[in-house]
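Excluded from the calculations below are hydrogen atoms, water molecules and symmetry mates; all remaining heavy atoms, backbone and side chain alike, are included.
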Amino acid sequence: MIQVPIPADSLRRVVRRVLDTAPYQWREESDATVVLRRWWNTLVEWLAQLAGNHPTLFRLLLWALVALLAAMAAQAVWVLIRTTRRRAGPDGTNPARGSAIVRSAAWYGTEAERLFREGRFAAAMQADFVRLVLELDARNRVRFHPSKTPLEYLAEVPAETRAEFGGLVGDLYRYAFAGVPCDADQFAAWRRLASVDRYVAPA
């Protein structure tokens, strides 16, 4: 019988293909993985024995675990509600529509007076404008949002008062944002025009 020699590269391919199969794949597990797997297998065996030897106790254990999971879920929901609920602060503050906290209109009016007494007329004008917008929001004439610019409120006020409100906004931009000097008389004149009743009929 004539023996045909097998090429060395073919033999190597066969051996490599066999060694690449799952039974020959050796992966060394970490100590933590081995310990966790051993604990898990022990727990499964213990539960199986408990279910077979003491079925009533096994059912009680299952119900206790279900009650524990329900309590944890209720706790998570309670924490979520407390975290996201909007609440008024002790100083009359109210969360705005967004993440910023906006104080009441009365607070901004008082702040404007304080800044006026300190001679910070441009800052007083800014605070008083927020007071006006919050009062208009309370009467459903504008929708307050802390990210809005003063100019954005101009399109929301009634058409018959838009020109006067536009002058108010223009002065605010000129004194508070453009840096034009503002004195006490100019602020007092501006504030007389910043009455909420000028832009909506009294409630």
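For H54 (side chain) and T56 (main-chain N/O), no donor-acceptor pair under 3.5 Å exists by modelled atom type. Although no hydrogens or angles enter the test, the distance criterion places a donor-acceptor pair under 3.5 Å between the side chain of T161 and the main chain of P158. Listed for the T110 side chain is a donor-acceptor partner under 3.5 Å among the backbone atoms of A106.
A ring pair (Phe, Tyr, Trp, His ring centres under 6.0 Å) check over residues 171-195, counting only residues at least two apart or in different chains, returns the pairs F116-F187, Y173-F177.
Annotation: side chain to side chain contact (heavy atoms under 4.5 Å, CB included) contacts of L47 (sequence neighbours excluded): L43, F58, L61. For A127, the side chain to side chain contact (heavy atoms under 4.5 Å, CB included) test picks out Y108, E111, A112, L115, with sequence neighbours left out. By the side chain to side chain donor-acceptor pair (under 3.5 Å) test, E160 is found to be paired with no residue, residues two or more places apart in sequence or in another chain being considered. Annotation: side chain to side chain donor-acceptor pair (under 3.5 Å) contacts of R162 (sequence neighbours excluded): none. Legend: residues meeting side chain to side chain donor-acceptor pair (under 3.5 Å) with Q49, ordered by chain and number and at least two apart, are absent.
Closest approach of D128 to A194, counting heavy atoms only: OD2-CB, 3.8 Å. Nearest heavy atom pair, residue D137 against residue V142, reads OD1-O, 3.1 Å.
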Q: Just do the side-chain contact (heavy atoms from CB on, under 4.5 Å) check on R131 and E135 with the steps written out, would you?
A: CA-CA 6 Å; R131 183 268 314 161; E135 290 178 349; 3.0 Å; yes

For this session: Under the side-chain contact (heavy atoms from CB on, under 4.5 Å) rule, what do R139 and D197 come out as? Steps first, then yes or no, please.
Result: CA-CA 10 Å; R139 300 193 188 185; D197 291 335; 3.0 Å; yes

Please assess K148 against E156 for the test side-chain contact (heavy atoms from CB on, under 4.5 Å), listing each intermediate value before the final yes or no.
CA-CA 12 Å; K148 280 185 177 180; E156 300 181 30; 2.5 Å; yes

Evaluate the criterion side-chain contact (heavy atoms from CB on, under 4.5 Å) for residue pair N41 and V44; output intermediate values, then yes/no. CA-CA 5 Å; N41 292 334; V44 170; 5.6 Å; no

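Classification of the F144-Y153 ring pair by plane angle, with boundaries at 30° and 60°, yields parallel.
The CG atom of L134 sits 10.0 Å away from the CZ atom of F129 when rounded to the nearest 0.5 Å. To the nearest 0.5 angstrom, L60 atom CG is 11.0 Å from L65 atom CG.
In this structure, the side chains of L50 and W46 come closer than 4.5 Å at one or more pairs of heavy atoms. Considering only heavy atoms from C-beta on, L172 comes within 4.5 Å of Q126 through its side chain. Between L168 and M125 there is no side-chain heavy-atom pair separated by less than 4.5 Å. Residues E164 and L193 form a side-chain contact, since some pair of their non-hydrogen atoms from C-beta on lies under 4.5 Å apart. By the 4.5 Å heavy-atom criterion applied to side chains, R191 and E113 are counted as neighbours. The closest side-chain heavy-atom distance from L136 to F165 is below 4.5 Å.
Checked by atom type, the side-chain pair E45/T42 shows no donor-acceptor distance below 3.5 Å.
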